[in-house]
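These notes are about the structure you will find just below.
Both backbone and side-chain heavy atoms feed into the values below; hydrogens, waters and symmetry mates do not. The structure presented is a predicted model; accordingly, all values stated were derived computationally and were not measured.
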Amino acid sequence: MEQRHLGRTGLRVTRLGLGTLNWARDTDEQEAADQLKAFWEAGGSLVDTADIYADGGAEYLLGRLTEELVPREDLVIATKAGSVLEADRRVDGSRRHLLAALDASLERLGTDYVDLWQLHAFDPHTPLEETLQALDLAVTSGRARYVGLANFSGWQLARAGTWQLAAPGVRNRLASAQMEYSLLQRGIEREVLPAALDLGIGLLPSSPLGRGVLTGKYRHGTPVDSRGASEHLAAFVAPYLDETASRVVEAVTTAADGLAVTPLQVALSWVRDRPGVTAPILGARTAQQLRAALSVETLSLPDEIRQALDDVSAPVHHYPDHDWSTL
């Protein structure tokens, strides 16, 4: 599998990553083992998890599998901290919480360090400088090799990235920003993507298949074994089952028919090769689904098809998101 540098750093990762959101919840240990083995055998290296996935179960499972199945040194392990499962608080970016969460992640993962440690979300109640200091402490203490962010808005990403660059040699450059990005969700193109490109931060798109909708599986209804039919994920899929999304899915399906490939391959290839993208994160539920996604490695979309998909999925941008002189 082809590798890319993660942002403006020396860290190289494969241009597709393996996500573990479903592990230890919808994906059992045997299925997770099959996924990790298939990913590794395909040449994949970047595996993404978080401390809240299955309340720590995903990290624990990944730790067991790296000990028993895949050599730790062959993987680039990324995890996240900052989200909390509390009724009155969803994010805790305090230095106290973050460093304690990192130590707990390392214990569950059974490793002395993670290759990439990411803030899961922005905490408006904690000074950003305090939050970012936790990232620097993680690197200087050897517990993390690189650091990044997830789910930050454009101004938040720009502020954080600029702060880190203001003291080279003391603060650590942000390597990555993990954001939802697909043909059905192009909101980051307004401000997040320009900020990331300017600051040299690599994008790791989550839900690159539009929460599964871009595979075409929902064109004629909701399959009983799909996320859209599950009790805890139906609301996650529902926003992408409207008429606007349907037009994009039909365009993807038409393109796939013309290229003799699958809609999944078309949609994934599109986001993988967008400017600023390092590696989409694949959140497959089964090893069979993952293998289907990994088959995109040899596909590059023709320019005319890429442009047609750009046009049909283009978000509406008004002032000040576009150059004022063109409005």
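For Phe152, the ring-ring contact (aromatic ring centres under 6.0 Å, His included) partners two or more places apart in sequence, or in a different chain, are Phe122. In terms of the salt bridge (charged side-chain N to carboxylate O under 4.0 Å, His left out) criterion, Asp34 has no residue partners (sequence neighbours excluded). Under the rule for a salt bridge (charged side-chain N to carboxylate O under 4.0 Å, His left out), Glu191 has no partner lying at least two apart in sequence or in another chain. By the salt bridge (charged side-chain N to carboxylate O under 4.0 Å, His left out) test, Glu129 pairs with Arg159, sequence neighbours left out.
Ser295 places a side-chain N or O within donor-acceptor distance of the main-chain N or O of Ala292, the cut-off being under 3.5 Å. Remark: side-chain polar atoms of Thr131 are paired, donor with acceptor, to backbone N or O of Gly93 under 3.5 angstrom.
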If you look only at distance, which donor and acceptor atoms sit under 3.5 Å apart when one is on a side chain in residues 253-262 and the other is two or more places apart or in another chain?
from: Thr253; atom 1: OG1; to: Val249; atom 2: O; distance (Å): 2.9
from: Thr254; atom 1: OG1; to: Glu250; atom 2: O; distance (Å): 2.9
from: Thr262; atom 1: OG1; to: Gln265; atom 2: N; distance (Å): 3.2
from: Thr262; atom 1: OG1; to: Gln265; atom 2: OE1; distance (Å): 3.3

Show me the donor-acceptor pairs within less than 3.5 Å that the side chains of residues 168-180 make with the rest of the protein, sequence neighbours left out.
from: Arg171; atom 1: NH1; to: Trp163; atom 2: O; distance (Å): 2.8
from: Asn172; atom 1: ND2; to: Asp136; atom 2: OD1; distance (Å): 3.1
from: Arg173; atom 1: NH1; to: Leu199; atom 2: O; distance (Å): 3.0
from: Gln178; atom 1: NE2; to: Asp48; atom 2: OD1; distance (Å): 3.1
from: Gln178; atom 1: NE2; to: Gln118; atom 2: OE1; distance (Å): 3.0
from: Glu180; atom 1: OE1; to: Arg211; atom 2: NH2; distance (Å): 2.8
from: Glu180; atom 1: OE2; to: Arg211; atom 2: NE; distance (Å): 3.0
from: Glu180; atom 1: OE2; to: Tyr240; atom 2: OH; distance (Å): 2.8

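A salt bridge links Arg72 to Asp115: one of the charged nitrogens lies within less than 4.0 Å of a carboxylate oxygen. Salt-bridge formation is detected for the pair Arg15/Glu297: a Lys NZ or Arg NE/NH1/NH2 atom is positioned less than 4.0 Å from an Asp or Glu carboxylate oxygen. The pair Glu86-Arg89 does not meet the salt-bridge criterion, since no charged nitrogen lies less than 4.0 angstrom from a carboxylate oxygen. Salt bridge status for Asp311 with Arg247: absent, with no side-chain N to carboxylate O gap under 4.0 Å.
Gln185 and Ser207 share no side-chain donor-acceptor pair at under 3.5 Å. In this model, a donor atom of one side chain and an acceptor atom of the other lie less than 3.5 Å apart for Ser141 and Arg143. If you check the side chains of Ser94 and Asp92, you find a donor sitting under 3.5 Å from an acceptor.
Atom CD of Glu73 sits in a crowded spot, with more than 12 heavy atoms from other residues, nucleotides or ligands closer than 6.0 Å.
Nearest heavy atoms, Val13 versus Leu46: CB-CB, 4.2 Å.
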